S.K.: 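My questions all concern the structure below.
Only a predicted model underlies this, so the values are computations on that prediction, with no experimental measurement involved.
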Amino acid sequence: MIGLKGTLNVIDNSGALLVECVNVLKNKVNNGWGSVGDEIVCVVKRARPISPGQQAISNVLKVRRGDVRRAVIVRTKKPVRRPDGRWVRFDDNAAVLLNNKRELLGTRIGGVVSADLRMKGWGKIVSLAPKRAARFLIPQLTHTR
């Protein structure tokens with residue numbers, strides 16, 4: 001649950017490192033709280049520094065500190081209940097930055113994202129995220145007679 005003044009890590013390569021939520025868009029059901037898959041308006045609080053050699057290549061870092069951008073929440077610390085009854089929780093709050101056309105600002109995603117994004121129409125984010133290895137252990141049945 002991300003609300004006003006909530007901070008999120010940015011896990012794409014747009015140049016931002018930390019953002020602060022200032023508004024949750026189109027979410028009248030939950031009284032201004034955003035969850036996984038919701039779109040927010042945020043301010044870039046910390047960004048990667050631009051060295052003098054990189055100023056000629058301006059498309060490497062697309063954002064600066066203080067920029068107001070849109071983003072999609074991809075991970076939350078608050079547990080989210082799935083339809084099959086499982087609860088999913090992450091270690092931090094994370095987001096991916098968007099442009100005004102609702103397209104991804106970065107070209108890579110550097111962390112695990114929630115699989116619930118696919119159901120909410122953000123399949124592009126799920127496809128760019130690294131695939132994680134299945135950690136579910138299936139117990140083997142052993143018969144002893």
Side-chain angles (χ1 to χ4, degrees), residues 1-140:
M1 302 289 259
I2 307 297
L4 182 65
K5 303 288 278 185
T7 58
L8 300 99
N9 296 326
V10 180
I11 60 169
D12 61 6
N13 63 345
S14 60
L17 296 174
L18 189 71
V19 294
E20 180 180 284
C21 175
V22 294
N23 191 13
V24 179
L25 297 175
K26 298 179 185 174
N27 194 0
K28 304 296 184 205
V29 176
N30 218 357
N31 292 331
W33 295 97
S35 186
V36 173
D38 290 337
E39 195 172 340
I40 62 172
V41 177
C42 56
V43 176
V44 177
K45 286 295 181 184
R46 200 164 66 217
R48 290 189 187 95
I50 300 174
S51 65
Q54 289 181 345
Q55 287 181 354
I57 308 169
S58 62
N59 62 355
V60 173
L61 302 175
K62 298 177 176 70
V63 296
R64 292 175 177 246
R65 184 178 181 275
D67 285 355
V68 177
R69 296 286 179 167
R70 291 183 177 213
V72 175
I73 301 170
V74 295
R75 291 194 304 243
T76 57
K77 288 185 80 167
K78 175 77 175 171
V80 177
R81 188 173 188 274
R82 289 202 174 150
D84 62 355
R86 288 184 294 172
W87 291 87
V88 179
R89 170 175 70 201
F90 294 96
D91 289 339
D92 65 342
N93 298 321
V96 173
L97 295 183
L98 304 173
N99 62 10
N100 290 334
K101 298 179 186 176
R102 296 184 68 195
E103 299 168 347
L104 297 178
L105 204 57
T107 56
R108 292 184 177 181
I109 294 178
V112 177
V113 300
S114 177
D116 298 337
L117 288 170
R118 193 180 301 278
M119 293 184 297
K120 296 195 176 182
W122 297 103
K124 173 87 172 176
I125 296 174
V126 178
S127 65
L128 284 176
K131 307 295 184 274
R132 67 176 182 92
R135 293 190 211 174
F136 300 110
L137 298 176
I138 302 170
Q140 295 180 354

S.K.: Which atom pair, heavy atoms only, marks the closest approach of Ser35 to Val80?
M.R.: OG-CG2, 3.9 Å
S.K.: Starting from the C-alpha separation in whole Å, work towards a yes-or-no answer on side chain to side chain contact (heavy atoms under 4.5 Å, CB included) for Met1 and Thr76.
M.R.: CA-CA 7 Å; Met1 302 289 259; Thr76 57; over 6 Å; no
S.K.: Could you grab the distance from atom CZ of Arg65 to atom CZ of Arg46, nearest 0.5 Å is fine?
M.R.: 10.5 Å
S.K.: Ignoring hydrogens and geometry, is there a side-chain-to-backbone donor-acceptor pair from Asn13 to Thr107 under 3.5 Å?
M.R.: yes
S.K.: To the nearest 0.5 angstrom, please state how far the CG atom of Leu98 sits from the CG atom of Leu105.
M.R.: 8.0 Å
S.K.: What's the shortest heavy-atom distance between Arg64 and Ala47, and which atoms?
M.R.: C-CB, 4.3 Å
S.K.: Within the 4.5 Å heavy-atom criterion, are Leu18 and Val10 side-chain neighbours or not?
M.R.: no
S.K.: Shortest non-hydrogen contact from Arg81 to Gly85?
M.R.: NH2-CA, 3.7 Å
S.K.: What closest approach, in Å, do Arg69 and Leu97 show between heavy atoms, and which atom pair accounts for it?
M.R.: CB-CD2, 4.3 Å
S.K.: Under 3.5 Å, which donor-acceptor pairs do the side chains of residues 116-123 form with other protein atoms, sequence neighbours left out?
M.R.:
| unit_1 | atom_1 | unit_2 | atom_2 | d |
| --- | --- | --- | --- | --- |
| Asp116 | OD1 | Arg82 | NE | 3.1 |
| Lys120 | NZ | Val36 | O | 2.8 |
| Trp122 | NE1 | Gly37 | O | 3.1 |

S.K.: Work out which heavy atom in Ala71 is nearest to a heavy atom in Ala95; give both atom names and the distance.
M.R.: CB-CB, 4.1 Å
S.K.: Taking it one step at a time, do Ile109 and Val96 satisfy side chain to side chain contact (heavy atoms under 4.5 Å, CB included)?
M.R.: CA-CA 8 Å; Ile109 294 178; Val96 173; 4.3 Å; yes
S.K.: Do Val68 and Val43 have side chains that approach each other closer than 4.5 Å (heavy atoms only, starting at C-beta)?
M.R.: yes
S.K.: Do you know the tightest heavy-atom contact between Ile11 and Val113?
M.R.: CD1-CG1, 3.8 Å
S.K.: So, using side chain to side chain donor-acceptor pair (under 3.5 Å) as the criterion, who are the partners of Arg70 when residues are at least two apart?
M.R.: Glu39
S.K.: For a side chain to side chain contact (heavy atoms under 4.5 Å, CB included) check, start with the C-alpha distance between Leu128 and Arg108, then their side-chain angles and the critical distance, and finish with the verdict.
M.R.: CA-CA 6 Å; Leu128 284 176; Arg108 292 184 177 181; over 6 Å; no
S.K.: Taking only residues two or more places apart in sequence or in another chain, which ones pass side chain to side chain donor-acceptor pair (under 3.5 Å) with Asn93?
M.R.: none
S.K.: Which value, rounded to the nearest 0.5 Å, describes the distance between Thr7 atom OG1 and Lys45 atom NZ?
M.R.: 10.0 Å
S.K.: How far does CG of Leu8 sit from CD1 of Ile73, to the nearest 0.5 angstrom?
M.R.: 6.0 Å
